[in-house]
Amino acid sequence: MPRSRETRIVTVVEDEQTISDEQRERICAWLRANDVDPKLVSRKAITIEYAEGPFGRSPGRIWFTQYYVNAEGAKEHALHTNEAVQFRRCVHQAVELEPDPMLPDLLAAEEEHRKAWRESQRKNTDNAAGDPV
């Protein structure tokens, strides 16, 4: 029996997430490689959506929120709020995002954090077992 098709969503950046200059440049280069002007992308979530099925993985779609610009290239603002007009958009991913060069360091730091937490839990359990009631 063939596998069913599953949709996967990978979050590149979350809403208003603070990222390093290196991460920002890596993401901007990736957006430009996929014909997206990074200057028009708002600070909302950027995700990649793709499907996996019996015949492999489909090309991804990049989802992001874009500012609406007029013919002169200026951002349009809503009259009642004076906020820049934005809309959700997706493009087909032609170029994949390069892996984050900081990922090994981030994973190692996360593992150290988990080890410290497990050790503190073990000590708490040991202390609770040894305390008289």
Just how far is it from atom [atom1] of [X] to atom [atom2] of [Y], taken to the nearest 0.5 Å?
| X | Y | atom1 | atom2 | answer |
| --- | --- | --- | --- | --- |
| L40 | Q66 | CG | CD | 5.0 Å |
| R43 | E14 | CZ | CD | 12.0 Å |
| D15 | S42 | CG | OG | 8.0 Å |
| D35 | I62 | CG | CD1 | 9.5 Å |
| E6 | E52 | CD | CD | 7.0 Å |
| K75 | N70 | NZ | CG | 12.0 Å |

Handout entry: Under 3.5 Å side-chain donor-acceptor pair for N34 and Q93
Key =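 On atom types as modelled, these side chains do not qualify, holding no pair under 3.5 Å.
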Handout entry: Shared hydrophobic cluster, V13 / F64 (ILVMFWY, side-chain heavy atoms < 4.5 Å)
Key =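 Linked, V13 and F64 end up in one cluster.
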Handout entry: Result of checking V41, T11, T65 against I46 for side chain to side chain contact (heavy atoms under 4.5 Å, CB included)
Key =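 Option passing the side chain to side chain contact (heavy atoms under 4.5 Å, CB included) with I46: V41.
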Practice task
Sort out for me which residue in I19, L97, T47, L31 forms a side chain to side chain contact (heavy atoms under 4.5 Å, CB included) with V12.
Solution key: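 Only one option passes, and that is L97.
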Indicate the atoms forming the closest heavy-atom contact of [X] with [Y], along with that distance.
| X | Y | answer |
| --- | --- | --- |
| Y67 | F87 | O-CE2, 3.9 Å |
| W30 | V95 | NE1-O, 2.9 Å |
| Y50 | V10 | CE2-CG2, 3.9 Å |
| P38 | V36 | CD-O, 3.1 Å |

Exercise for the section: Step through the shown structure and confirm whether more than 12 heavy atoms of other residues, nucleotides or ligands are within 6.0 Å of CD on Q17. Expected result: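 Yes - once you tally the heavy atoms of other residues, nucleotides and ligands closer than 6.0 Å, there are more than 12.
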Problem - Other residues, nucleotides, ligands: >12 heavy atoms within 6.0 Å of R114 CZ - result: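 Not buried by this count: 12 neighbours or fewer within 6.0 Å.
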Practice task
Could you pull out all residues at least two apart from K39 that satisfy side-chain contact (heavy atoms from CB on, under 4.5 Å)?
Solution key: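 Counting only residues at least two positions away or on another chain, K39 forms a side-chain contact (heavy atoms from CB on, under 4.5 Å) with D37.
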Practice task
Name all residues meeting the side-chain contact (heavy atoms from CB on, under 4.5 Å) criterion together with N82; count only those two or more places apart in sequence or in a different chain, and write none if there are none.
Solution key: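 Once residues adjacent in sequence are excluded, the partners of N82 under the side-chain contact (heavy atoms from CB on, under 4.5 Å) criterion are H77.
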Exercise for the section: Determine whether R24 and I27 make a side-chain contact, defined as any pair of heavy atoms from C-beta on separated by less than 4.5 Å. Expected result: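 The answer is no; the side chains never approach within 4.5 Å.
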